[in-house]
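Taking it in order: structure first as structure tokens, then the write-up.
Since we're looking at a predicted model, the values are computed, not measured. Each chain gets a letter, A, B and so on, in the order the sequences are listed, and its residues count up from 1.
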There are 2 protein chains.
Amino acid sequence: MATTAAPTLAEIHEAARRLDGIARATPVYPSDALTRRCGRDVHLKAESLQRTGAFKIRGAVNTIATLSPGERAAGVVAASAGNHGQAVAWAAREAAIAAMIFMPEDAPMAKVDATKGHGAIVELAGEMFDDALAAALAYVERTGATFVHAFDDPRVIAGQGTVGLELAEQLPEEGTVVIPVGGGGLAAGIALVLSELRPRLRLVGVQAAACAPLAGREPRGFTIADGIAVKHPGELTAPILERLLDDVVVVDDERISEAIVLLLERAKLVVEGAGAAPVAALLDGSIPGDGPVCAVLAGGNIDPTLLISVMRHGLTAAGRYLVVRTRISDRPGSLLKLLELVARERGNVLAVEHHREGMELPLGETEVGLTLGTRDEEHCAALLAALDTHGYEVERLS
Amino acid sequence: MATTAAPTLAEIHEAARRLDGIARATPVYPSDALTRRCGRDVHLKAESLQRTGAFKIRGAVNTIATLSPGERAAGVVAASAGNHGQAVAWAAREAAIAAMIFMPEDAPMAKVDATKGHGAIVELAGEMFDDALAAALAYVERTGATFVHAFDDPRVIAGQGTVGLELAEQLPEEGTVVIPVGGGGLAAGIALVLSELRPRLRLVGVQAAACAPLAGREPRGFTIADGIAVKHPGELTAPILERLLDDVVVVDDERISEAIVLLLERAKLVVEGAGAAPVAALLDGSIPGDGPVCAVLAGGNIDPTLLISVMRHGLTAAGRYLVVRTRISDRPGSLLKLLELVARERGNVLAVEHHREGMELPLGETEVGLTLGTRDEEHCAALLAALDTHGYEVERLS
């Protein structure tokens, strides 16, 4: 069934018919906040609101729809600890066939549970993703089940390409579309559609700095954009991307986390690292031109504990938290005096820590750590100045 | 211009025409997670994705659209520390007229800044909301500006009623619509439309336990659903609600915070306390019947630091955090031994605290506080059992 040729526009239209009533056509919204911030019209394609929280079900549903009765009976297999595994599990249940998902042993339990929750059998295999992949392929050999690739399959690319069909209806003729690129299935699918239907749109791919093979970088360590941390684009997707993307830009985790917080606070959308990468590139000013831009928010599946860390970090970076260490005399009333000053300057005390031991403190002094809720960087500066004026020696920790 | 009669369906259609191209028609999505959880079809009207993050601009835009040239020149006034103030500011800028917003002095700076960001002049007046209201009315006397009421005005109700027109197209003929009720503008508007166009839909209002006048309760203290903490429904809205709502139910903050976390994690939507109240009522099982339900997510403007607290609290309630206190011997290696045990049980250490002084500890022992990331309540129980088996005396703090 699988071929090695890129899907045609007709095949992508066919995928859209198969997805009708199963996947959502996700909305495109103008973002007032980002438009002001970036000085150009910014629209958001909220694919984070797709069922299961990511575009991946489009490719999975389309692939499964092409299976013969015999193939359906043998079920489907995937190797993934992320959105793809959940999407294949979900799409298989929608099609009433069996799904087996292989994940590395250290896969977050939340992802394991979510995938099981969609009715799949999950098998943990090996330490690395490649071990899970090998186990999945061995299972295919053994059982004749159909392997659903995360990106390098024309049926998958055709499914993801339906995002492009929606964009062709939702966007103006001219401007820029910014798409996160991991394995390249989404970007290839969108590019195949828009290069034909909206040839005047400029297409820009975004990769995470920690894993940006298209920008010729060696992978290095953690990124919160785990959804696009793919070491090699596909054999099928890479030439499509090379031919059809006008640019590939790279963003770091710091910007991505800023984008996540901005989308959460201003657009009211929960977006995962990979999904927020296009907005991060916009904040970076690295998207060429000054015309309208549409950022494809590819997914929203971010672990809530990670989201809390990102929010705290983002709020700190935006001057919305101030963490300081200072010293007060070790006498009744001196902490109160400090806190009165903070209250006058409208700092909102979130935590107070006292340290008396283990430090080189002058006798009769104690160290105090304050975590304050603040308005912005200007407010932080005013607070620091007030503390200084009142004789506190302050060390700023964030 | 203002009348004291409820708006007609024709006036609400007229409001929809005025809002066309200014406000968004917000989507209704089925929620797989809530459908499973509640055992009935649950849909979400994502009005949190409205511009400025709440439905309030509908009423503000409609009211401002009715002003005469003379009234436009004199500008508009509102008293509000919340979504209404931001909405009037935003709608006034859209209409290119001046807006003056009065807020109590302790209004969160984030709200003040957001309102100013929409181009309004903000004046802080008095300690309580009623002081701000008095200042706004005095300003109206002085300047002839038009006071835009937050709910008790037929033009405002007609604007909010456009949510009902959208629902009439988006929902099936039968089922239940759950609407948060503060002043009652949104609920009255929706009810006026649906009772005419979809008379077989059941309409349920939701109030926060801390402020539920429709349920005959005295206001008491803080609620995270500040958007619906209104002491008295309006003179105009109250009789409409009494006539057209089939039920009014009450939810507490604990449930509301659970609903916020669920919407964030599963629906990828940021929803504020008032907006999440209908989902909280569903989680409570207090919405009568077992047919399909649509929860109106009225707004998404939750302060990010409050959202972090709610998420931490919600994750703790769901067994996703475990905070314990135990004692270890005050010798090298004993903390390591404890942490090895935790790691074997797949607890994710988020914080470790040591306490040596100020407590009645046996000599040679030290107290350790652990904050652990966990999978669910079952995982918490397994961790606690393992600690117990290995001889640790554990006190669970959350």
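In this structure, chain A has a heavy atom under 4.5 Å from the backbone of B:Ala267, while its side chain stays farther away. Contacts of B:Asp113 with chain A are made by side-chain atoms alone, with heavy-atom separations under 4.5 Å and no backbone atom involved. Neither the backbone nor the side chain of A:Arg266 comes within less than 4.5 Å of any heavy atom in chain B. B:Leu269 touches chain A through backbone and side chain together, each having a heavy atom under 4.5 Å away.
For the set B:Arg312, B:Arg36, B:Met311, the count of heavy-atom pairs under 4.5 angstrom toward chain A peaks at B:Met311. Of all the listed residues (A:Asn348, A:Asn301, A:Leu350), the one sharing the greatest number of non-hydrogen pairs under 4.5 Å with chain B is A:Asn301. Interface check for chain A: of the options B:Ser31, B:Gly373, B:Pro30, B:Gly299, the most heavy-atom pairs under 4.5 Å are formed by B:Pro30. Taking A:Glu265, A:Arg320, A:Arg375 one by one and counting their heavy-atom pairs under 4.5 Å with chain B, the maximum is reached by A:Arg375.
Two residues are said to be in side-chain contact when any heavy atoms from C-beta on lie closer than 4.5 Å; A:Ile224 and A:Ser257 meet this criterion. Counting heavy atoms from C-beta outward, B:Val349 and B:Leu372 have side chains that approach closer than 4.5 Å.
Between the CG atom of B:Asp226 and the CD1 atom of B:Ile302 there is a distance of 8.5 Å, given to the nearest 0.5 Å. B:Leu322 contributes atom CG, which lies 11.5 Å from atom CG of B:Asp376 (distance to the nearest 0.5 angstrom). Between the OG atom in B:Ser309 and the CD1 atom in A:Ile308 there is a gap of 9.0 Å [rounded to 0.5 Å].
At a threshold of 4.0 Å, the pair B:Lys56-B:Glu272 does not count as salt-bridged, since none of the basic side-chain nitrogens sits closer than that to a carboxylate oxygen.
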